[in-house]
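Quick note on labels: first sequence line is chain A, next is B, and so on, each numbered from 1.
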Protein chains: 2
Amino acid sequence: MNAVGKKSNSGLSERLNTGGFRFTPQRKQVYDVLLHKRDHPTAEEVFIRAKKQMPEISHATVYNCLDALVQCGLVRLVQLERGATRYCPNMEEHCHYYCDECGTVFDVALASDAAVGPRPRGFKVDHYEIAVHGLCADCAKKK
Amino acid sequence: MNAVGKKSNSGLSERLNTGGFRFTPQRKQVYDVLLHKRDHPTAEEVFIRAKKQMPEISHATVYNCLDALVQCGLVRLVQLERGATRYCPNMEEHCHYYCDECGTVFDVALASDAAVGPRPRGFKVDHYEIAVHGLCADCAKKK
DNA sequence: GTCAAGATTTAGAATAATTCTAAAGACAGG
DNA sequence: CCTGTCTTTAGAATTATTCTAAATCTTGAC
């Protein structure tokens, strides 16, 4: 493995280790799939894409890898509708605009801390998810 | 049926009609279940509670009723974790504080329009969902 | 280096959540 | 009251996720 290859993994490896996980080729593969096409795929879609490069990878492993990445803070779960959970490697503060018609997801950065206001007494916030539902420009035009 | 009973249904009946749905005892039952205990139950939990009053109600009907209520703007879907969708009859603008440890959900009203900032060009917003993840006071204490 | 302990992957079974199907029932309009 | 449409029902089917047990890999102790 060359220096560049090594370097490209070092961040991932480190984050995994910090979370108590080992670096594995499968975890790298799953993470690469998410980084490569940022269209908020479901676990099933990640599985299909990962298989192209790594045909022996299994379903259960994809879930395992996604869970590990989520626990390490490298990936976030996105729940936009009934049915499959989607995954997003963009860890910056942003919200998801979701077209209820065609299913497209747009990431939109949040300006600031987007103060959510008061909170239950003693509640320790880890992170928040903002999903905006509606129609994308194309679908709105068709109506 | 007395006047009070009739009155208590008229709003529901009207909203259903406006959405192109009929008023049915099952839809009333499902809505009543949600109004009665506002703990963000899953469809399965709604089914179990509805059965107590209406033992013949079926699984599919509960999903049908929940869908109808959602489409009429009487109930909202809440997706907080992988797995079952929850339902919430509180249609005021509010966000959900979710304890990742014990699963408790707290509704917190949003002060204003809680400006979410810029949006994709042409996107027509219908509604938004804000979920705050973390630990409730009790669970935070135990750590 | 060799071994044991623990982590990870795999295929496939199992479970959970949701949707579909076909038949029966209810209901509004003519 | 017919007729077409909507709704409900039981249960099958599908989809999403988790579990299981065996095989493989990694790491640290010796």
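- Here the nucleotide nearest the side chain of H59(A), chosen from dC20(C), dT18(C), dT17(D), is dT17(D).
- For the pair R38(A) (side chain) and P89(A) (backbone), a donor-acceptor distance under 3.5 Å is absent.
- Regarding K28(B), its NZ atom lies at a distance of 18 Å from the P atom of dT7(D), rounded to whole Å.
- Mapping R82(B) and G20(B) onto DNA chain D by nearest heavy atom places G20(B) closer to the 5' end of the strand.
- Below 30°, between 30° and 60°, or above 60°: for F47(B) and H59(B) the angle between ring planes is below 30°, a parallel geometry.
- L77(A) contributes atom CG, which lies 7.5 Å from atom CD of E129(A) (distance to the nearest 0.5 angstrom).
- Scanning all heavy atoms of the two residues, the minimum distance from H96(A) to R76(A) falls at CE1-CD, 4.4 Å.
- For A43(B), the listed nucleotide lying nearest its side chain is dT18(C); candidates were dT9(D), dT10(C), dT18(C).
- The phosphate of dT9(C) has neither OP1 nor OP2 within less than 4.0 Å of any side-chain N or O from S58(A).
- The separation between E45(A) atom CD and dT17(D) atom P is 11 Å, rounded to whole Å.
- When all heavy atoms are compared, the tightest approach of H133(A) to L80(A) is CE1-O, 3.0 Å.
- Atom CG in L66(B) sits roughly 15 Å away from atom P in dT7(D) (whole-Å rounding).
- Look at CG on D67(A): it is 16 Å from P on dA7(C), rounded to the nearest Å.
- For E45(A) (side chain) and T42(A) (main-chain N/O), a donor-acceptor pair under 3.5 Å exists by modelled atom type.
- The CD-C1' distance, from Q26(B) to dC27(C), rounds to 13 Å in whole Å.
- The side chain of I57(B) approaches dT9(D) more closely than any other nucleotide in the set dT8(D), dT9(D), dT18(D).
- Considering only side-chain N and O atoms, R27(A) lies under 4.0 angstrom from the phosphate OP1 or OP2 of dT8(C).
- Note on E56(B): only backbone sugar-phosphate atoms sit closer than 4.0 angstrom, heavy atoms only; bases stay farther off.
- Among the atoms of the strands shown, only primed sugar atoms or phosphate atoms (P, OP1, OP2) are found under 4.0 Å from some heavy atom of A84(A).
- With dC20(C), dT8(C), dT7(D) as the choices, the nucleotide that has an atom nearest any side-chain atom of N64(A) turns out to be dT8(C).
- Under 4.0 angstrom from either OP1 or OP2 of dT9(C) there lies at least one side-chain N or O belonging to T24(A).
- Checking the phosphate oxygens (OP1, OP2) of dA17(C), no side-chain nitrogen or oxygen of T85(B) falls inside 4.0 Å.
- Between the CD atom of Q79(A) and the P atom of dA17(C) there is a distance of 13 Å, rounded to whole Å.
- Residue Y63(A) has a polar side-chain atom (N or O) positioned under 4.0 Å from OP1 or OP2 of dT17(D).
- Across the protein-nucleic acid pair, M54(B) atom CE and dT7(D) atom P stand 15 Å apart, rounded to whole Å.
- Put simply, CZ on F23(B) is 16 Å from P on dA26(C), counting in whole angstrom units.
- Residue R22(A) has no polar side-chain atom (N or O) positioned under 4.0 Å from OP1 or OP2 of dG6(C).
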